[in-house]
A.B. asks: 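Pasting a structure below so you can have a look.
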Amino acid sequence: MTLHLPNPDGTTRAYTPRTEPPAVPGAGGGSAFTSRTVFSAAHVVADPYADTTPDGPAAVDWDATLAFRRHLWSHGLGVAEAMDTAQRGMGLDWATAAELIRRSAAEAKSAGGRIACGVGTDQLTATATTTLADVRSAYEEQLAVVEESGAQAILMASRALAATAKGPEDYLEVYGHLLRQSAEPVILHWLGPMFDPALEGYWGSSDLDPATDTFLEVIAAHPDKVDGIKVSLLDAQREIDLRRRLPRGVRCYTGDDFHYPELIAGDDQGFSHALLGIFDPLGPLAAQAVRVLDTGDTEGFRALLDPTVELSRHLFQAPTRYYKTGVVFLAWLSGHQSHFTMVGGLQSARSLPHFARAYELADGLGLFPDPKLAQERMRSMLSLYGVNQ
């Protein structure tokens, strides 16, 4: 039953997979959490039979994609749809994202699940002639799709705005315009350049202190239109400082895949809710941990979630933007999809030693519903790469 897993130096190490199923309860505990609002950003499942290329339109397996969302809802997690985890701007084009939003929002209504969807400007490629009006128009088009679907809107960071804005005042203008016209309170998303290098200098400065001030100025001007903020900067102390400065009633949703247990647990001055890509592979375990937190057992919550951080940091290691590859790899090993293929050909973005370590860590956590299936699939991948077992 031993697997020989490759090391980065070309050697292999023996690993004996676990054989028992995970102790995490299965679906059925899908009632809402009481102490935290929790979203999992969800990946998309590619159509492996599509005759396409990495730079062609995305081909999605809709049945498998929607089935994965039902899996998350069955454990009580909300779904953050058409976000970075779904490869927005890295294989998922706007036309397909719009269809994803409509399909997932309809499925959420049927399943009784919570959903929030990403609003961006990825149908617009910024050029020297792009104006703020063009950026606003692109945002408005996507906001209309999300609102018409009945989902909550997440205003994502915009590459086009980062390229077009001349300073903080342009961010204040664009976001102020969007918040004034939004039908319901939205979630504002600050995605750091480690996730997308094109977002360097967002909010008008590469210095995070004045950028934070601008971000807070947007919120302070429209607190009734901001449900919360999602912060993805991988800087725990900055998130803590930021959430302490938020207007009353505005939530902080952590997007920090390095420090999420302590940020969600919080301190005597507050806590973060969650909107996390790592909760895609951790779904059932994350849900179990939050239910423990609902009882007031912070230590029990940390005991469940702290051991997952090593896996998360591995998946999100630099270049961080390629974490989606590890997320989909684990979904394949877990049996949520029949293949390891991604839109945009992104399955090639990580190395075999990276995959081997991800398997080892996930297996050690008991994340695989069927350890034997995961082992067989890992063995087949090793064989494909020429690793003799």
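Quick caveat: nothing in here was measured; it's all calculated off a predicted structure.
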A.B. asks: Side-chain contact test, heavy atoms from C-beta onward, threshold under 4.5 Å: evaluate it for Glu376 versus Arg379 and give yes or no.
C.D. replies: no

A.B. asks: Is the side chain of Lys225 donor-acceptor paired with the backbone N or O of Leu178 at a distance under 3.5 Å, no angle test?
C.D. replies: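 Absent.
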
A.B. asks: To the nearest 0.5 Å, tell me how far Gln337 CD sits from Met342 CE.
C.D. replies: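 The CE atom of Met342 is 8.5 Å from CD of Gln337, to the nearest 0.5 Å.
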
A.B. asks: Check whether Val79 and Val146 end up in the same hydrophobic cluster, where Ile, Leu, Val, Met, Phe, Trp and Tyr are linked by side-chain heavy atoms less than 4.5 Å apart.
C.D. replies: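 Linked, Val79 and Val146 end up in one cluster.
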
A.B. asks: Is it true that Arg244 and Asp267 have a side-chain N and a carboxylate O under 4.0 angstrom from each other?
C.D. replies: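 Salt bridge between Arg244 and Asp267, a charged N being under 4.0 Å from a carboxylate O: yes.
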
A.B. asks: Report yes or no: does Ser110 contribute a side-chain atom to a donor-acceptor pair with the main-chain N or O of Ala106 at less than 3.5 Å?
C.D. replies: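 Checked: no pair found.
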
A.B. asks: Above 12 or not: heavy atoms from other molecules or residues under 6.0 Å from CD of Glu299?
C.D. replies: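 Check fails, neighbour count at 12 or below.
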
A.B. asks: Quick one: pull up NE2 in His314 and NE2 in His354 and give me the separation to the nearest 0.5 Å.
C.D. replies: 4.0 Å

A.B. asks: Side-chain contact test, heavy atoms from C-beta onward, threshold under 4.5 Å: evaluate it for Glu141 versus Arg136 and give yes or no.
C.D. replies: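 The answer is no, as the side chains (C-beta and beyond) never meet within the 4.5 Å cut-off.
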
A.B. asks: Check this for me, if you would: do Asp306 and Arg302 make a salt bridge, where the nitrogen-to-carboxylate-oxygen distance has to be below 4.0 angstrom?
C.D. replies: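 A salt bridge is present here (some side-chain N lies under 4.0 Å from a carboxylate O).
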
A.B. asks: Can you tell me how far CG of Leu315 sits from CG of Leu361, rounded to the nearest 0.5 angstrom?
C.D. replies: 8.0 Å

A.B. asks: What side-chain donor-acceptor pairs closer than 3.5 Å can you find for residues 181-190, not counting sequence neighbours?
C.D. replies:
from, atom 1, to, atom 2, distance (Å)
Gln181, OE1, His177, NE2, 3.0
Ser182, OG, Leu179, O, 3.0
His189, NE2, Ser232, OG, 3.3

A.B. asks: Pick out which of Gln237, Arg245, Arg243 makes a side-chain hydrogen bond (donor to acceptor under 3.5 Å, both in side chains) with Asp241.
C.D. replies: Gln237

A.B. asks: Can you tell me if Thr341 uses its side chain to pair, donor with acceptor, with the backbone of Pro48 under 3.5 Å?
C.D. replies: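 No.
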
A.B. asks: Check whether any side-chain heavy atom of Ile229 sits under 4.5 Å from a side-chain heavy atom of Arg251, and report yes or no.
C.D. replies: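 Result no, sub-4.5 Å side-chain heavy-atom pair not found.
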
A.B. asks: Between Trp62 and Arg103, is there a cation-pi geometry (under 6.0 Å to ring centre, at most 45° from the normal)?
C.D. replies: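 Verdict for Trp62: a cation-pi partner in Arg103.
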
A.B. asks: Taking all heavy atoms of Leu365 and all of Pro307, pick out the closest pair and write down the distance.
C.D. replies: CD2-O, 3.5 Å

A.B. asks: For residues Val135 and Thr131, determine if any side-chain heavy atom of one lies less than 4.5 Å from a side-chain heavy atom of the other.
C.D. replies: no

A.B. asks: Using the rule given for ring pair (Phe, Tyr, Trp, His ring centres under 6.0 Å), can you reason through Phe39 versus Phe279, listing the C-alpha separation, both sets of side-chain angles and the distance that settles it, and then say yes or no?
C.D. replies: CA-CA 8 Å; Phe39 289 96; Phe279 279 8; over 10 Å; no

A.B. asks: Closest approach of Asp294 and Phe33, non-hydrogen atoms and distance?
C.D. replies: OD2-CA, 3.5 Å

A.B. asks: Do Val44 and Trp332 share a hydrophobic cluster, counting only Ile, Leu, Val, Met, Phe, Trp and Tyr and linking them when any side-chain heavy atoms are less than 4.5 Å apart?
C.D. replies: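 No, Val44 and Trp332 fall in different hydrophobic clusters.
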
A.B. asks: Does any non-hydrogen side-chain atom of Leu276 lie less than 4.5 Å from one of Tyr253?
C.D. replies: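 Result no, sub-4.5 Å side-chain heavy-atom pair not found.
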
A.B. asks: Would you call Glu360-Arg13 a salt bridge at under 4.0 Å N-O?
C.D. replies: yes

A.B. asks: What I'd like to find out is whether the side chain of Leu304 reaches to under 4.5 Å of the side chain of Val292, using heavy atoms alone.
C.D. replies: yes

A.B. asks: Output yes when Asp84 and Lys324 qualify as a salt bridge under the 4.0 Å nitrogen-oxygen rule, no when they do not.
C.D. replies: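 Salt bridge flag = yes for Lys324 with Asp84.
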
A.B. asks: Quick check on the hydrophobic clustering: are Leu263 and Phe258 connected, directly or via other members, by side-chain heavy-atom contacts under 4.5 Å?
C.D. replies: no

A.B. asks: Under the ring-ring contact (aromatic ring centres under 6.0 Å, His included) test against Phe215, which residue among Tyr171, Tyr175, Trp203 passes?
C.D. replies: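 Output: one option passes, namely Trp203.
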
A.B. asks: When hydrophobic residues are tied together by side-chain contacts of less than 4.5 Å, even through go-betweens, does Leu373 share a cluster with Phe355?
C.D. replies: no

A.B. asks: Does Met156 belong to the same Ile/Leu/Val/Met/Phe/Trp/Tyr cluster as Leu172, with side-chain heavy atoms less than 4.5 Å apart forming each link?
C.D. replies: no

A.B. asks: For this output row, return yes or no: ring centroids of Tyr359 and Phe368 closer than 6.0 angstrom.
C.D. replies: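 Aromatic pair counts; centres sit under 6.0 Å.
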
A.B. asks: If you look at every heavy atom in Leu92 and Val343, which pair is closest and at what distance?
C.D. replies: N-CG2, 4.3 Å

A.B. asks: Filter on side-chain hydrogen bond (donor to acceptor under 3.5 Å, both in side chains), then keep only pairs touching residues 156-165, sequence neighbours left out; what's left?
C.D. replies: Thr121-Ser158, Arg159-Asp196

A.B. asks: Tell me, with the steps shown, if Val309 and Tyr260 meet side-chain contact (heavy atoms from CB on, under 4.5 Å).
C.D. replies: CA-CA 8 Å; Val309 172; Tyr260 51 94; 4.0 Å; yes

A.B. asks: Tell me whether Arg70 is salt-bridged to Glu107, with the criterion being a basic N under 4.0 Å from an acidic carboxylate O.
C.D. replies: yes

A.B. asks: Where is the tightest heavy-atom contact between Tyr15 and Gly364, given as atom of each residue plus distance?
C.D. replies: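 Scanning both residues, the minimum pair turns out to be OH-N, 3.9 Å.
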
A.B. asks: Step through it carefully: locate the ring centre of His273, locate the ring centre of Phe271, and say whether they are under 6.0 Å apart.
C.D. replies: yes

A.B. asks: Testing the basics here: between Thr19 and Pro371, what is the closest heavy-atom pair and its distance to 0.1 Å?
C.D. replies: O-CG, 4.1 Å

A.B. asks: Roughly how far apart are Arg357 CZ and Arg350 CZ, rounded to 0.5 Å?
C.D. replies: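 Separation between the atoms: 14.5 Å.
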
